Amino acid sequence: MFLREAEEILDSWDAYSDRYSDPDGWPHDETAYGFRQRRRDADTWRAFTTVRGSASAMLDTAEAHLNRLPAGSASLRWGWHLRVLRTALKEIDTLQAEWLGLRDALPASARPGTEEYDEPLAERNAEAWAYLDAWALHGQSLISINTAVRAKPPRQPVSATRAPAPPATGCTSPVRR
């Protein structure tokens, strides 16, 4: 769900940015552009909350599956994508912890809709944008790894025992010269 929603948010942002920026990428109205960018960041954060609680477990599972895939069946990018996702998740978690600490220290008058509350929240969302975008870009690898595991039998562990010798047939092989 997050991947689909993040794609919709990014497509909407790209359409807005293309329409309200000059050919060099400079916004026509910086204030309106900034408000729209804040909405993009907040919408992406909200969408990510649907997977954030299970993101670490999904990464653990994907890493375990990736290690069990037969040689040659895994994309070379998947390991790198998982590392990027893990790093992004750590940063997102750090930003959330900082936000919660700051929020708890706000005066009682600071409620959603007030500048005292909304400004630091918008800063958290803006700082998280690159990490959320990494999840939007590389999160598909989690699904791809799961699909590959279901399509291929897992690699069998190498046994320390030898394969049994072929049965004796009572015939001798011709000698090669």
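Everything numeric here is computed off the predicted structure, so don't read it as measured data. By convention here, the first residue in the shown sequence is residue 1.
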query: Do E8 and D11 have side-chain heavy atoms sitting under 4.5 Å apart?
result: no
- prompt: For the residue pair F2 and W135, is the inter-centroid distance of their aromatic rings smaller than 6.0 Å?
  reply: no
field: Audit row: Q96, W45, side chain to side chain contact (heavy atoms under 4.5 Å, CB included) steps and yes/no
entry: CA-CA 10 Å; Q96 177 65 357; W45 182 278; 3.2 Å; yes
query: With sequence neighbours left out, what residues match R38 under salt bridge (Lys or Arg N to Asp or Glu O under 4.0 Å)?
result: E119
message: Applying the side-chain contact (heavy atoms from CB on, under 4.5 Å) criterion to L85, which one of K90, M58, H138 satisfies it?
response: H138
- prompt: Would you call D60 and R86 a side-chain contact if the rule is heavy atoms closer than 4.5 Å?
  reply: yes
Joint cluster assignment, V51 & L59, ILVMFWY side-chain distance < 4.5 Å: yes
message: With rounding to the nearest 0.5 angstrom, report the OG1 to CG distance, T114 to L106.
response: 7.5 Å
task: Only counting residues at least two apart or in another chain, list the ones meeting side-chain contact (heavy atoms from CB on, under 4.5 Å) with P107.
output: S109, A110, E116
message: Can you confirm whether more than 12 heavy atoms, excluding those of R111, are under 6.0 Å from its CZ atom?
response: no
Donor-acceptor contact present, side-chain D24 to main-chain W26, <3.5 Å: no
message: Is it true that Y33 and S17 share a donor-acceptor pair across their side chains at a distance under 3.5 Å?
response: yes
query: Any chain of hydrophobic side-chain contacts (each under 4.5 Å) joining L100 to L95?
result: no
field: Shared hydrophobic cluster, I143 / L69 (ILVMFWY, side-chain heavy atoms < 4.5 Å)
entry: yes
message: To the closest 0.5 Å, what do you measure between OG (S21) and CG (D29)?
response: 10.5 Å
- request: Nearest 0.5 Å please: distance from the CZ atom of F48 over to the CG atom of N125.
  value: 13.0 Å
task: To the nearest 0.5 angstrom, please state how far the CG atom of L142 sits from the CG atom of L82.
output: 6.0 Å
message: Among residues at least two apart in sequence or on other chains, which ones pass side-chain contact (heavy atoms from CB on, under 4.5 Å) with D133?
response: L10, W129, A136, L137
query: Between E127 and W99, is any pair of side-chain heavy atoms under 4.5 Å apart?
result: no
query: Counting only heavy atoms not in Y131, do more than 12 fall under 6.0 Å of its OH?
result: no
- line: Heavy-atom closest pair (I9 atom, A47 atom, distance to 0.1 Å) is CD1-CB, 4.2 Å
message: Tell me whether T61 contacts the main-chain N or O of A57 through its side chain, where contact means a donor paired with an acceptor under 3.5 Å.
response: yes
query: Tell me, do V149 and L66 make a side-chain contact under 4.5 Å, heavy atoms counted?
result: no
Flag if over 12 foreign heavy atoms under 6.0 Å of CZ, R46: yes
Value rounded to 0.5 Å, distance of CG in L3 from OG1 in T50: 9.0 Å
query: OG1 of T44 to CD of E5: how many Å apart, nearest 0.5 Å?
result: 8.5 Å
task: Check whether the ring centres of W13 and Y20 lie less than 6.0 Å apart, and answer yes or no.
output: no
query: With a 4.0 Å cut-off, would you call R124 and D41 a salt bridge?
result: no
message: Can you tell me which residue among R36, R40, E7 is in a side-chain hydrogen bond (donor to acceptor under 3.5 Å, both in side chains) with S12?
response: R36
